[in-house]
Amino acid sequence: MDAVGPAARDQFWVWWAMLAVSLVVAAVVFALWLFTFRRREQPQRTPREERRIMLRWVLGGGVALPVVCIVALMVFAAPTGRGMLPLPDDDAERIDVIGHQWWWEVRYPGEDGEADVITANRLVLPAGEPVDFRLTSADVIHAFWIPRLGGKRDMVPGRHTTIRLEADAPGVFGAQCGEYCGAQHTHMLLQVEALERDDYEAWLYARRASVSPREGDDETLAAFGEHCAACHRVEGFPQEFVVDDVDHDIQGPDLSDIGSRPTLGAGVLPMEEGAIAYWLQHHQTLKPGNRMPPHNHIDTETLQDIGTWLEMLAP
Ligand code: CUA
């Protein structure tokens with residue numbers, strides 16, 4: 001109810017209008033109900049008169065009243081829905097968001113329309129301008145929902161849906177998957193941060209430029225290459241270390257800037273020193289059923305090295 005964008009503000013008023021109309025309808029129905037308890041003489045009516053009175057109630061209360069209420073609400077709500085449609089000839093910023101069980105993939109298209117910045121579980125957008133979110137899913141139906149900006153919109157596998165949202169001013173907002181999508185639906189949180197246009201550009205630029213995974217020692221890179229790289233991409237990761245001998249179609253979150261993200265496991269753990277190593281050891285207890293296999297076969301020291309190295313990956 002604490003709106004920070006035009007879509008959410010419109011919805012706020014639709015919500016109040018609906019509440020007001022329903023209260024009026026409820027009051028009228030309640031008054032009629034009390035009216036039936038009134039003591040009075042039963043007038044003598046012919047069956048024909050009875051039928052006419054009954055028909056009047058059915059047509060008035062069952063047809064005319066709902067039509068008036070629904071038309072009034074539609075007139076009120078239609079512009080709200082229209083405001084959230086990306087209309088043609090409009091070059092709003094576009095950000096692609098893909099739902100996965102149970103995390104968010106966020107892709108920023110470059111000049112050629114191909115994603116050149118990919119991140120996960122954190123969405124950065126420019127404030128004060130409309131942004132078109134192009135949505136889809138990699139597995140089941142999820143729903144994209146940033147309550148303070150407006151929403152929500154289903155993310156359907158094999159289809160693209162779009163929602164236009166705008167944040168009035170810079171700030172950090174919570175977002176949550178809005179469609180039950182399996183055991184860890186609750187742990188499908190997304191942190192949304194709106195930045196001034198310049199800061200947004202700077203963030204994108206830093207994400208394009210500064211990732212330098214080579215800083216790790218060869219042993220850690222080899223361990224990541226062997227255990228993690230088949231599912232997790234890290235921009236600029238030296239390909240000679242990648243061992244991809246598993247047959248799978250599961251894709252894990254891009255980790256290129258994982259050190260800069262606010263949480264781990266899409267909202268399960270706050271990102272702090274040592275959190276990644278802890279997550280790598282206990283993720284199946286912290287988020288049971290998540291698609292990353294347990295790491296019991298990898299020794300703790302190696303997991304700690306991988307965790308420490310991943311923490312350094314930040315623009
Ligand atoms: Cu994804 Cu619920």
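The first residue of the sequence shown is numbered 1, and numbering continues consecutively from there. Ligands are counted one by one from 1 in listed order, and the atoms in each one are counted from 1 as well.
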Salt-bridge present (Arg122, Asp257; N to O < 4.0 Å):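 No.
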
Let me have the donor-acceptor pairs involving side chains of residues 123-133, under 3.5 Å, with sequence neighbours excluded, atom names and distances please.
from, atom 1, to, atom 2, distance (Å)
Glu129, OE1, Arg197, NH2, 2.9
Glu129, OE2, Arg197, NE, 2.9
Asp132, OD1, Arg164, NE, 2.7
Asp132, OD1, Arg164, NH2, 3.3
Asp132, OD2, Arg164, NH2, 3.2

task: Check for a donor-acceptor pair, side chain of Thr136 on one end and backbone N or O of Arg159 on the other, with a separation under 3.5 Å.
output: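 At least one qualifying donor-acceptor pair exists.
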
task: Measure from the side-chain N and O atoms of Gln284 to the backbone N and O of Asn290, and report whether any donor-acceptor pair falls under 3.5 Å.
output: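 Judged by distance alone, yes, a pair lies under 3.5 Å.
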
message: Over 60° means perpendicular and under 30° means parallel, so tell me whether His297 and His295 are parallel, tilted or perpendicular.
response: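 Tilted.
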
- prompt: Can the ring centroids of Trp33 and Phe30 be said to lie less than 6.0 angstrom from one another?
  reply: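 Centroid separation for Trp33 and Phe30: below 6.0 Å.
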
Residue-atom pairs from the protein, N, O or S only, that lie under 2.8 Å from atom 1 (Cu) of ligand 1: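 Short answer, with waters excluded from the count: His142 ND1, Cys177 SG, Cys181 SG, Met188 SD.
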
